[in-house]
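Residue numbers start at 1 and run along the sequence shown.
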Amino acid sequence: MGSPIATRTAEWIAWDKKWGDKRSQLEASLKGMGDIQNRFARNDLGPEDDRFPRPYLLAFSPEGRGRAVIANGNPDTADHTAVYVPGTDAGLGNFAHDIKRMTNLWVAADSTADGKSVSTITWLGYDAPQGAKQAASPEYADNGASNLNRFIDGMHASRATDSPGHLTVAGHSYGSTLVGTAARQGDLHADDIILTGSPGARVGRATDLDVPEGHVWNEEAQGDWIPEAGRVAHGHREYHWDSGWDFVIPSDDRFGAHQMLTDTDGHSGYWDEDSESLRNQARVVVGLHGDVSKEPW
């Protein structure tokens with residue numbers, strides 16, 4: 001009838017069964033390589049602006065879903081460093097938007113750093129869950145937590161200055177669950193933790209995380225349904241005599257995190273340019289804790 005018809009022959013079905021997953025993995029790897037190359041070749045602030053820092057590729061592997069760690073600015077010498085852990089569906093095939101998020105955070109942090117140097121790192125150092133079914137499992141956080149702890153230890157060991165610097169670890173969505181798991185083990189060795197769109201940090205209180213008291217920060221945007229949807233899977237299960245079993249997530253008052261003012265919408269807008277959501281993260285990254293605007297409730 002003048003319209004193309006897709007036909008799956010027996011030969012195609014046999015080929016796809018044998019090679020389909022491998023083809024998808026190779027295509028995702030190539031896409032991620034292209035995204036990394038674009039970051040090295042492009043100045044996202046425009047050719048007239050020379051403030052944008054040199055990128056550093058700290059790790060890369062095309063195996064499985066892919067691993068990559070890329071930094072804006074040199075973390076070995078930076079006064080302030082942020083390590084960002086992406087969440088569900090993260091992989092080399094969609095690495096560009098995670099790179100862009102840390103690009104935006106670097107710009108916001110650099111503008112408020114009072115001349116101090118800043119490095120922001122996108123850390124895809126674990127196999128992130130793919131889809132809602134996998135995201136309900138703690139397995140990916142449990143397996144990835146030790147990788148994150150080793151990476152942070154390596155950052156401290158590779159410092160090229162006498163100062164230890166100021167280190168913030170940030171997790172988005174399932175990435176916040178991984179960060180909470182790593183910190184719960186007592187080996188994260190960070191100064192501040194930022195959680196965004198968190199379905200749960202696997203602990204019931206901010207004081208259970210491996211940072212100084214008062215240095216856990218949370219953002220939950222209007223229209224972000226992930227925190228409530230993930231509460232039962234990754235919130236801390238606890239019993240109250242008057243209400244029964246409950247599950248605590250970082251946006252709950254009793255968790256004890258600083259609830260930062262968030263003016264973005266949905267699950268992916270926390271790094272929108274010129275937003276208070278982004279500026280608040282930047283203030284934490286550069287240690288301007290007193291300047292962070294907080295939710296009125």
Side-chain angles (χ1 to χ4, degrees), residues 82-88 123 126 128-129 132-149 151-152 167-262 267 270 277 280-281 284-285 289 292 294-297:
V83 178
Y84 159 72
V85 182
T88 302
W123 185 84
Y126 79 114
K133 183 176 180 179
Q134 291 186 3
S137 170
E139 174 185 356
Y140 303 89
D142 291 336
N143 293 340
S146 59
N147 293 348
L148 179 60
N149 283 332
F151 176 76
I152 298 301
L167 175 63
T168 301
V169 178
H172 174 236
S173 191
Y174 193 92
S176 72
T177 305
L178 189 151
V179 170
T181 301
R184 183 191 64 195
Q185 297 173 358
D187 298 321
L188 187 61
H189 301 153
D191 299 298
D192 284 280
I193 287 176
I194 297 175
L195 309 173
T196 53
S198 177
R202 309 281 302 284
V203 296
R205 302 293 183 270
T207 51
D208 295 329
L209 300 176
D210 187 33
V211 291
E213 186 173 354
H215 286 258
V216 178
W217 310 81
N218 185 69
E219 290 187 338
E220 182 178 326
Q222 291 290 328
D224 186 351
W225 56 271
I226 293 296
E228 284 302 322
R231 179 186 290 271
V232 173
H234 301 300
H236 183 262
R237 188 170 185 256
E238 55 186 52
Y239 183 80
H240 301 274
W241 68 269
D242 56 338
S243 58
W245 289 104
D246 198 3
F247 299 86
V248 180
I249 60 175
S251 55
D252 295 332
D253 285 343
R254 58 188 146 153
F255 184 83
H258 296 288
Q259 302 297 329
M260 296 192 287
L261 184 65
T262 307
H267 192 55
Y270 297 99
S277 302
N280 275 331
Q281 292 184 56
V284 174
V285 169
H289 304 106
V292 174
K294 299 179 182 179
E295 293 286 358
W297 41 269

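Nearest heavy-atom pair, Leu195 versus Ser176, reported as atom, atom and distance to 0.1 Å: CD2-CB, 3.7 Å. In this structure, Ala136 and Ala233 approach most closely via the heavy-atom pair O-CB, 3.7 Å. In plain terms, the two heavy atoms of Thr168 and Val284 that are nearest each other are OG1-O, 3.9 Å. For Trp123 against Asn147, the heavy-atom pair with the smallest separation is CZ2-C, 3.7 Å. Heavy-atom minimum distance, Ser251 versus Glu220: OG-OE1, 2.6 Å. Smallest separation of non-hydrogen atoms from Ala183 and Ile193: CB-CD1, 3.9 Å.
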Full working for side chain to side chain contact (heavy atoms under 4.5 Å, CB included) between Phe255 and His236: CA-CA 10 Å; Phe255 184 83; His236 183 262; over 6 Å; no
Take Gln281 and Thr196 through the test side chain to side chain contact (heavy atoms under 4.5 Å, CB included) and record every step on the way to the result. CA-CA 10 Å; Gln281 292 184 56; Thr196 53; 4.1 Å; yes
Could you go through the side chain to side chain contact (heavy atoms under 4.5 Å, CB included) check for Tyr270 and Asp224 one step at a time? CA-CA 10 Å; Tyr270 297 99; Asp224 186 351; 2.5 Å; yes
Derivation of the side chain to side chain contact (heavy atoms under 4.5 Å, CB included) call for Tyr174 and His234: CA-CA 9 Å; Tyr174 193 92; His234 301 300; 3.6 Å; yes
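Here CG of Leu167 is found 5.0 Å from CD1 of Ile152. Values are rounded to the nearest 0.5 Å. Here the NE2-OG1 distance, from His172 to Thr88, works out to 9.0 Å after rounding to the nearest 0.5 Å.
A 4.5 Å side-chain heavy-atom check between Pro199 and Thr177 finds at least one atom pair inside the cut-off. Taking the side chain as every heavy atom from C-beta outward, His215 and Asp191 never approach each other to under 4.5 Å. Residues Leu261 and Lys294 are not in side-chain contact: their nearest non-hydrogen atoms beyond the backbone lie 4.5 Å or more apart. Under the 4.5 Å side-chain criterion, counting only non-hydrogen atoms from C-beta, Trp245 is in contact with Arg237.
Every residue meeting the side chain to side chain contact (heavy atoms under 4.5 Å, CB included) condition with Ser137, not counting sequence neighbours, appears here in chain and number order: Glu139, Tyr140.
Proximity of a side-chain donor or acceptor of Glu219 to a complementary backbone N or O of Asn280 within less than 3.5 Å is not detected.
With respect to Gln259, the side chain to side chain donor-acceptor pair (under 3.5 Å) criterion is satisfied by exactly one of Asp252, Asp253, Asn218: Asn218.
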Which donor-acceptor pairs under 3.5 Å do side chains of residues 200-210 form with protein atoms, sequence neighbours excluded?
unit_1: Arg202; atom_1: NH1; unit_2: Asp142; atom_2: OD1; d: 3.3
unit_1: Arg202; atom_1: NH1; unit_2: Thr181; atom_2: OG1; d: 3.3
unit_1: Arg205; atom_1: NE; unit_2: Arg254; atom_2: O; d: 3.3
unit_1: Arg205; atom_1: NH1; unit_2: Glu238; atom_2: OE1; d: 3.3
unit_1: Arg205; atom_1: NH2; unit_2: Glu238; atom_2: OE2; d: 3.4
unit_1: Asp208; atom_1: OD2; unit_2: Arg205; atom_2: N; d: 3.4
unit_1: Asp210; atom_1: OD2; unit_2: Leu188; atom_2: N; d: 3.0
unit_1: Asp210; atom_1: OD2; unit_2: His189; atom_2: N; d: 3.0

